[in-house]
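Here the structure is laid out as structure tokens; the discussion comes afterwards.
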Amino acid sequence: MTMKRLDYGCGKSTKDGEKMRKGQMFLAGTIVLIVGMILLKNVIEIYDITEEKRHIETIIIDKQLKNIMHEYENIINIAKESCQNYLYNFSYYLKSEMHHRIKILYVFIDDMNVTVGNFLGERINLTINNVNFVLNDGEQASNLFSFANITLSYQYRNDNITEIIPIEPNKVFAFFDITVGDKSFVRAKYLYNRTY
Amino acid sequence: MKGYLYTLEVLISFSVLVVTLVSLFRTSSQTPETELGIIKNAGFDALQYLNDKGDLKKFIAQRDELALENSLKSILTDFEFETEICRTNCSDMNVPKNETVIVVDYYSSGYLNYDNEKVRLWMWKKY
């Protein structure tokens, strides 16, 4: 009995089909690459948009902070008396407007009379030339000192902050620690002075 | 002959890849989210400019919204806007309800005497 090989005409043509398929792999690969690129582009775009949005937000927050810093300086320049009250009123106003988006601590020194205002949103322990103050949020306290320099220390969150403010005659000094923003924020600590 | 076909196929694939790559990464898209930030930034800059010029505090002290808006018109040429000089409750009566409106607050502590006020600027796109 002889076995007859069944040939359905696939012999040579099957080989050709394999080659054709191998050939089409280039096109299939291209399609896979294009799909990959589109996905990659979307990921890069989302990242870019998030970064750009955060960048613009930070610029705006920085401008808000500069606006507020400038207005505090303006208070010190225009106030002939009651500067402490104006600083308190303005801080209270900003806090009522911006709520948790603003945190302020100010120290105003006029002829050795030191006034501290706390609008940091929490109670703070503060030391000025070894005199301790405990200030609740929204409170202001004053004390007279007779030192050439003011050494201020306070703890805010987990930071221990110490600032030395040199006192000069015929000048008023104001130290500010201001933070504007929430998740993205900008913080400035600065000293401002004005000659009488 | 088959060799030519393969080469042709590789060339077509490569061309399609290059065309796709160029068309995908040619332009950077600007989304509405960043656009709003840019408009807000422009508003803030305009108020800052007037303040640096020394005009803003005068307008606030005189409660002169008309003069403020006239000054802003020459700066914010691409936007429609409305301003209000107020302390806490700012009336948004003239602000359209069917537009995406960006709000900018600029604080002031007074001109010659202490007085805490703010300028609220509403901005929306000009069509």
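What you see is a predicted model, and the numbers here were worked out from it, not measured in a lab. Throughout, a chain's letter reflects where its sequence line sits, starting with A, and its residues are numbered from 1.
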Option in Tyr114(B), Tyr106(B), Tyr111(B) with maximal non-hydrogen atom pairs under 4.5 Å from chain A: Tyr114(B)
Close contacts, residues 39-75 of chain B versus chain A, judged by heavy atoms under 4.5 Å: Lys40(B), Asn41(B), Phe44(B), Asp45(B), Asn51(B), Lys57(B)
Engaged part of Asn89(A) at the chain B interface, taking heavy atoms whose separation is under 4.5 Å: both
Side chains of Val101(B) and Glu82(B) in contact at under 4.5 Å (non-hydrogen atoms): no
Lys183(A) atom NZ, over 12 foreign heavy atoms within 6.0 Å: no
Engaged part of Ile31(A) at the chain B interface, taking heavy atoms whose separation is under 4.5 Å: neither
Contacts of Tyr154(A) that satisfy side-chain hydrogen bond (donor to acceptor under 3.5 Å, both in side chains) - sequence neighbours left out: Asp177(A)
Side chain Lys95(A), main chain Gly138(A), donor-acceptor under 3.5 Å: no
Any side-chain heavy-atom pair of Asn132(A) and Asn125(A) under 4.5 Å: no
Pick from Val104(B), Leu21(B), Ile12(B) with the largest number of heavy-atom pairs that fall under 4.5 Å of chain A: Leu21(B)
Asn130(A) atom CG, neighbour heavy-atom count above 12 within 6.0 Å: no
Val107(A) and Glu163(A), any side-chain heavy atoms less than 4.5 Å apart: no
Residue Leu112(B) versus chain A: region with a heavy atom under 4.5 Å: backbone
Test item: Glu97(A) and Tyr107(B) side chains (from C-beta on) under 4.5 Å apart, heavy atoms: yes
Proximity breakdown for Thr88(B) and chain A, heavy-atom pairs closer than 4.5 Å: both
Backbone N/O of Gly110(B) and side chain of Asn74(A): donor-acceptor pair under 3.5 Å: yes
Heavy-atom proximity to chain B below 4.5 Å, by part of His55(A): neither
More than 12 heavy atoms from other groups under 6.0 Å of CZ on Arg123(A): no
Best-contacting candidate, Ile75(A), Asn67(A), Ile78(A), against chain B by heavy atom pairs under 4.5 angstrom: Asn67(A)
